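It should be emphasised that the depicted structure is a prediction, and the values quoted were computed from it without experimental measurement.
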Amino acid sequence: MTDQHEAVAAARRHREANGPAILADFIELLALPNVSRDREDVARVADHIVAMLAARGAAARVVTRRDAGPLVVGRYEVPGAVQTIGFYAHYDGQPVDQPDWQLEPFRPALLNAPLAAGGIELSPPAPGEDIDPDWRLYARSAADDKAPIVAMCTALDAMREAGVGPSSNLLFVFEGEEEIGSPHLAGYLEDLRAELAPAGVWMICDGPVHQTRRPQIVFGVRGISEMEITVYGPVRPLHSGHYGNWAPNPNMELARLLASMKDLGGNVLIEDFYAGTAPVTGADAAAVAVLPDDDAALRGELGLASTEDGDAALALRLLQPSLNVRGFDGGGVGAAAANVIPTEATASIDIRLAPGNDPETMLDRVENHIRSQGWLIVRDEPDMAVRRSRARVARVTRQASYPGVRMPTDTPLAAAIVGAAAIAAGETVLAVPTFGGSVPLHYFAAVLGADIAITPFANHDNNQHAANENIRIGNLWYGIDLMAALMTMELPS
């Protein structure tokens, strides 16, 4: 059995000697477009990853289901191994149509510092050239979530070069639909249950380190449900001078409806919104209590004078469900502004779910609130008869993706994972009860009956989902060490 310290030392030697080649492989992967809904692009990325795994001695293939993005499945066999560890990541990415991109999203660019700090683009390093860990690599999915795939492959390269290997058989599942809610992941896991069931734990390789820049292992995530609400005004735009104060304005009507959903402290007012939420356990509370209190510094970094619920601790707020207005569209602003009463307004909402919150039930509660405010809910564009029959008509579309999940933080398995990360990091690692974001961990627990842990390593300021996504090279190096430590971890019996 390979010692974890030996594996991490091998990873460090390998990346120090082969840094330019590692970055070249990463840049090649990042240059492949991967927006989730572009099926042909996603399929090309899947084929590329299969080739990456095969080059490391893993048996890998693309698995498909009808009308679903492809899943990459791989297995790395270790002679004599009696345990199996699973690794999950996703290779699809968010859309790239945000207006603030300063660099082309699929032309990876290496900078000597963050863009915001005046970073200058560098040429890719030549073999033998030193690499500054504070350099940044910019591209869509640089942090979320192609980096873990490169880190895993590089860890396998390093161990093979050193003549050592993983302590367990390894399973790999790389998804191509995570950024659109993983609509087919449960079906894939059902189809592959016999093949994937041997894994005693799944490492979910996604997300950033703690806001204090300290490494962390996270044992839960919130789930997600989504909704769009469109409300209606006149059937054609009306001159605001001629008709203002007479014709109802859909922007104002929708703003009032949204405002009725939360109080000034940011707490959701929708009836029963928090009902059924899993209580915070003593272990959860203890884990939160020892986390660094960085909230004040984070408020300063983000330009926030205060945060919700009277500056309540971020780590505690993440243990509750949340309701977020992620977009509002009605009329125009700036150069597009016109003195009119618009015909309609739309708000897009995401609901982050804590364990115990059913995705469909949470959407039902929001709809019940909309009705309680006097609105008629319709599913299709209302015709003239419907518009004339009710003063308030709202077209609602909804998608219930998946629930949240949280594993205990006080088990021998949790301690083993945190210990492996500490060997890779060379410092104490934070054990965090839950992420605020959403990753489809529920399916691994519900379908495969497996434990899970999130093993993040991207920099906290990576701009994931936004323009100018990036990863700090030092964080990628830590990720390689982390994968080596996890691959040589002995699971508690």
Side-chain angles (χ1 to χ4, degrees), residues 36-37 68-69 90 92 94-95 144 175 177-189 204 206-207 218 220-231 254 257-263 266-279 308 317-329 346-373 375 377-380 394-406 433-447 452 454 464-465:
S36 306
R37 297 193 184 280
H90 67 90
D92 63 315
Q94 285 279 320
D144 183 25
E175 186 191 3
E177 294 184 313
E178 193 274 343
E179 297 292 10
I180 53 172
S182 300
H184 301 98
L185 182 59
Y188 273 125
L189 296 184
I204 310 300
D206 197 355
V218 185
V221 290
R222 294 193 286 188
I224 188 169
S225 290
E226 300 161 287
M227 176 179 286
E228 288 204 347
I229 307 167
T230 299
V231 304
L254 183 54
L257 175 60
L258 296 173
S260 72
M261 296 181 182
K262 298 184 77 171
D263 65 21
N267 296 301
V268 179
L269 299 173
I270 294 169
E271 185 175 0
D272 292 331
F273 187 81
Y274 298 103
T277 300
E308 293 184 338
R317 294 290 282 173
L318 297 184
L319 298 176
Q320 298 293 323
S322 68
L323 185 145
N324 174 59
V325 180
R326 62 188 181 187
F328 192 108
D329 182 36
T346 299
S348 186
I349 290 172
D350 69 74
I351 304 168
R352 300 289 173 160
L353 310 174
N357 302 142
D358 176 73
E360 291 284 1
T361 300
M362 295 298 276
L363 292 172
D364 290 341
R365 289 168 180 171
V366 177
E367 286 197 359
N368 289 339
H369 178 82
I370 295 171
R371 293 188 183 94
S372 76
Q373 301 300 302
W375 292 84
I377 291 178
V378 297
R379 303 300 177 194
D380 301 308
R395 178 167 58 89
V396 172
T397 59
R398 51 189 272 174
Q399 177 179 333
S401 293
Y402 47 81
V405 63
R406 192 160 71 242
T434 193
F435 255 156
S438 299
V439 184
L441 305 193
H442 164 78
Y443 298 135
F444 290 91
V447 177
I452 54 89
I454 309 172
Q464 64 188 89
H465 292 200

For the student: nearest non-hydrogen atoms of [X] and [Y], plus distance:
| X | Y | answer |
| --- | --- | --- |
| L254 | T346 | CD2-C, 3.6 Å |
| P359 | P403 | CG-N, 3.6 Å |
| I229 | A394 | CG2-CB, 4.1 Å |

side-chain hydrogen bond (donor to acceptor under 3.5 Å, both in side chains) partners of [X], counting only residues at least two apart:
| X | answer |
| --- | --- |
| T434 | none |
| D364 | R398 |
| D92 | S36, H90 |

Test: salt bridge (charged side-chain N to carboxylate O under 4.0 Å, His left out). Region: residues 177-188. Which pairs qualify, not counting sequence neighbours?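 As it turns out, the salt bridge (charged side-chain N to carboxylate O under 4.0 Å, His left out) pairs with a partner in residues 177-188, which skip direct neighbours, are R39-E177.
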What pairs of residues pass the salt bridge (charged side-chain N to carboxylate O under 4.0 Å, His left out) test when at least one of them lies in residues 221-230, not counting sequence neighbours?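 Sorted pair list: E226-R326.
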Going by side-chain contact (heavy atoms from CB on, under 4.5 Å), name the residues that satisfy it together with [X], two or more places apart in sequence or in a different chain.
| X | answer |
| --- | --- |
| S372 | H369 |
| P433 | D284, A287, V288, L319, R406 |
| D358 | E360, T361 |

Just do the side chain to side chain contact (heavy atoms under 4.5 Å, CB included) check on V366 and M261 with the steps written out, would you? CA-CA 8 Å; V366 177; M261 296 181 182; 4.2 Å; yes
For D206 and D144, what are the C-alpha separation, side-chain angles and deciding distance, and is it a side chain to side chain contact (heavy atoms under 4.5 Å, CB included)? CA-CA 7 Å; D206 197 355; D144 183 25; 3.1 Å; yes
[X] [atom1] to [Y] [atom2] distance, which is reported to the nearest 0.5 Å:
| X | Y | atom1 | atom2 | value |
| --- | --- | --- | --- | --- |
| S322 | N267 | OG | CG | 11.5 Å |
| I452 | H442 | CD1 | NE2 | 11.5 Å |
| E367 | W375 | CD | CH2 | 14.0 Å |
| L185 | Y443 | CG | OH | 7.0 Å |

Side chains of [X] and [Y] in contact at under 4.5 Å (non-hydrogen atoms):
| X | Y | answer |
| --- | --- | --- |
| M227 | L363 | yes |
| V405 | F444 | no |
| T230 | V396 | no |
| H184 | E175 | no |

List in chain and number order the residues that pass salt bridge (Lys or Arg N to Asp or Glu O under 4.0 Å) with R37, two or more places apart in sequence or in another chain; answer none if no residue qualifies.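 R37: no salt bridge (Lys or Arg N to Asp or Glu O under 4.0 Å) contacts found.
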Distance-only criterion, 3.5 Å: show the donor-acceptor pairs between side-chain atoms of residues 268-278 and protein atoms not counting sequence neighbours.
{"unit_1": "Y274", "atom_1": "OH", "unit_2": "V268", "atom_2": "N", "d": "2.9"}
{"unit_1": "T277", "atom_1": "OG1", "unit_2": "Y274", "atom_2": "O", "d": "2.9"}
{"unit_1": "T277", "atom_1": "OG1", "unit_2": "N357", "atom_2": "ND2", "d": "3.0"}

Would you please name every residue forming a ring pair (Phe, Tyr, Trp, His ring centres under 6.0 Å) with F435, sequence neighbours left out?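 Once residues adjacent in sequence are excluded, F435 has no partner under the ring pair (Phe, Tyr, Trp, His ring centres under 6.0 Å) criterion.
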Has the side chain of S225 got a donor or acceptor atom that lies under 3.5 Å from a matching backbone atom of I351?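 Checking the backbone N and O of I351 against the side chain of S225, no donor-acceptor pair under 3.5 Å is found.
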So I454 and V221, side chain to side chain contact (heavy atoms under 4.5 Å, CB included) or not? Walk me through it. CA-CA 9 Å; I454 309 172; V221 290; 3.0 Å; yes
Would I224 and Q399 satisfy side chain to side chain contact (heavy atoms under 4.5 Å, CB included), going step by step from the backbone distance to the final call? CA-CA 9 Å; I224 188 169; Q399 177 179 333; over 6 Å; no
